[in-house]
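Some notes on the structure that comes next.
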Amino acid sequence: MLDFLAASPLLVLLLVMAAGSALGSVRLGPVRFGAAGALFVGLAVGALDPRLGEGLALLQALGLALFVYTTGLAAGATVFRDLRTQTRLVLGATVLLVIVGAASLGAARLLGLDTGAIGGMFAGMTTASPALDTATAATGGSPQPAIGFAIGYPVGVVVSLLVLSAVAHRPLRGHRDPAPSSAAGLLTVTVEVERAMTVREIPGIAATAGLGGGQVRMSYLLRGGAVRVARPEDSLEVGDRLLLVGVPEAVRLAAGALGHVVPEHLADDRSVVDYRRWVVSDPQIAGRTVAQLRIPSRFGGIITRVRRGDRDLLAVPDMPLHLGDRVRVVVPRERMGEISALFGDSERRITEVDWTSAGLGIALGVLAGLVAVPLGGGASVALGAAAGPLVVGLVLGRLERTGRLVWTMPSAANLTIRQLGLVLFLACVGLASGHSFAATAFSLTGLQIALLAAVLTAASVLALRELGRWLGMSTPRTLGAMAGFVGQPVLLGHVQSLTDDERAETGYSALFAVGMVVKILVVQAIVLL
């Protein structure tokens with residue numbers, strides 16, 4: 001049987017990916033290993049015969065490139081935005097990662113442990129799968145990093161879950177981190193105007209790009225018995241009725257300034273003015289802002305909301321639209337066909353990937369990873385096959401488009417490719433390292449690595465919570481940052497089960513991608529010093 005499997009590497013790889021995904025979906029208490037299940041199954045299968053892990057280097061590199069590039073692409077806009085708003089958090093977490101790396105290296109020398117295994121342990125306990133490839137390359141293909149990773153990964157996840165659960169019910173003051181305006185959702189009301197004013201004078205209105213983001217949008221206007229779409233240049237008269245949508249507190253403020261709320265809902269009458277959600281599937285629309293589409297002047301309509309993932313967002317003028325967004329537009333009924341043609345409105349197209357831009361982006365990332373920066377004394381450092389595509393993905397995700405090239409992908413397609421790349425990469429690593437893992441993991445050395453990973457994980461995650469307290473962050477943002485510091489989506493899901501607050505996602509995204517780059521560089525230092 002082993003001879004048959006050794007002669008069929010593709011069959012072995014697919015079986016490991018399937019069994020690993022099944023294992024990863026099994027819930028062990030609050031923990032699910034997800035894609036890491038492929039690593040554990042690969043290690044078990046690879047331990048049977050070293051031949052089962054041969055000849056997988058190209059597939060391993062491909063899986064890694066797909067995973068890190070799509071991760072960077074998805075996080076690009078968020079990361080660069082958060083660098084401005086959460087700079088101190090990112091800098092503090094970066095310093096903490098360096099300290100943990102230094103502690104790992106010091107412990108390796110004190111205990112006489114292999115630095116390759118400790119580098120892999122650091123990558124594992126911080127769930128930085130791309131850093132595993134960096135450690136393996138830096139050690140000349142040694143299996144020691146994979147052994148350390150396989151030990152550190154489950155320890156890091158379990159210890160982090162326990163720490164998050166323990167501190168979640170101890171709220172932080174968060175005096176510098178007020179609740180986001182969207183935390184209460186969106187409110188829609190119909191207002192009867194008692195005080196004449198222009199639309200621009202309505203408190204909190206988001207009528208034009210020049211007025212900034214705003215927290216209130218308008219849609220329907222009833223005047224003299226006739227309903228039409230409200231326009232930014234309108235002057236409101238006493239007796240008009242206007243439909244407002246936005247952040248609840250801001251909508252109430254705007255309604256109070258205009259007049260009073262009436263029970264009738266203008267959107268109930270769709271005979272003249274209608275609304276619906278359209279799917280953004282046309283690449284020419286992706287990356288353009290709400291204001292740049294000029295819906296009021298071109299079609300006599302207005303974009304009021306954008307559904308992105310599971311969240312409804314107020315369509316402010318400077319919001320860029322992404323492929324896969326579901327955009328609610330209020331428009332005269334006779335113009336609905338034109339709006340549909342503008343956005344594309346095709347579910348099929350948002351499942352497709354433009355491999356011209358994707359292939360070019362990944363190639364640029366691989367090239368960036370090959371650039372070595374000399375450090376003196378004959379030593380040099382490079383981003384490598386892991387950080388190169390990640391950094392390029394972050395930059396292109398921030399740009400969103402260059403001329404006719406749209407770099408971003410529909411969210412569903414991005415997640416699918418990302419998952420495929422990660423499972424492929426981890427399955428290959430497991431198969432290639434299984435034989436060596438079986439000989440080391442269940443020894444005194446393996447126990448030392450596990451205990452070291454547990455101590456360092458607990459200390460670093462608790463230190464990050466103290467950083468959040470010192471920075472005046474809220475409990476949701478701090479918990480999300482703790483999950484992002486470790487870099488495990490399972491932890492973010494656990495945090496979201498503890499608190500339903502978008503600040504948790506923001507804290508996670510602020511540290512996830514930037515932390516990945518830092519971890520890759522720290523692992524190189526651990527292995528090479």
Practice task
Indicate the atoms forming the closest heavy-atom contact of L113 with I118, along with that distance.
Solution key: CD1-CD1, 3.7 Å
Exercise for the section: Using modelled atom types only, decide if a donor and an acceptor are shared between the side chain of R401 and the backbone of Q284 within a distance under 3.5 Å. Expected result: yes
Practice task
Determine, stepwise, if the pair V327 / R307 fulfils side-chain contact (heavy atoms from CB on, under 4.5 Å).
Solution key: CA-CA 6 Å; V327 180; R307 180 81 172 176; over 6 Å; no
Problem - Sidechain-backbone polar pair: S281 side chain, S346 backbone, donor-acceptor under 3.5 Å - result: yes
Handout entry: Expected output: side-chain T289 to main-chain P320 donor-acceptor under 3.5 Å
Key = no
Practice task
Taking only Lys NZ, Arg NE, NH1 and NH2, and the carboxylate oxygens of Asp or Glu, determine whether E466 and R469 approach each other closer than 4.0 Å.
Solution key: yes
Practice task
Could you tell me whether a side-chain N or O of S8 sits under 3.5 Å from a main-chain N or O of L5, the two making a donor and an acceptor?
Solution key: no
Exercise for the section: Specify whether Y153 and F40 have parallel, tilted or perpendicular ring planes, treating 30° as the upper limit for parallel and 60° as the lower limit for perpendicular. Expected result: perpendicular
Handout entry: Residues R277 and D312 bridged, charged N to O under 4.0 Å
Key = yes
Practice task
Report the C-alpha distance between Q524 and L521 in whole Å, list the side-chain angles of each, state the deciding distance to 0.1 Å, and finish with yes or no for side-chain contact (heavy atoms from CB on, under 4.5 Å).
Solution key: CA-CA 5 Å; Q524 289 190 67; L521 298 177; 3.9 Å; yes
Practice task
Would you check if the side chain of D114 reaches a backbone N or O of A117 as a donor-acceptor pair within less than 3.5 Å?
Solution key: yes
Fill in the blank from the handout: side-chain contact (heavy atoms from CB on, under 4.5 Å) with P145: of L132, D133, V523, V429, only one passes, and it is L132
Problem - Expected output: side-chain S357 to main-chain D354 donor-acceptor under 3.5 Å - result: yes
Practice task
Keeping the roles fixed (side chain from R109, backbone from L105), state whether a donor-acceptor pair exists under 3.5 Å.
Solution key: no
Handout entry: Basic-acidic side-chain contact under 4.0 Å: R276, D345
Key = yes
Problem - Any donor-acceptor N/O pair, S25 side chain to A22 backbone, under 3.5 Å - result: yes
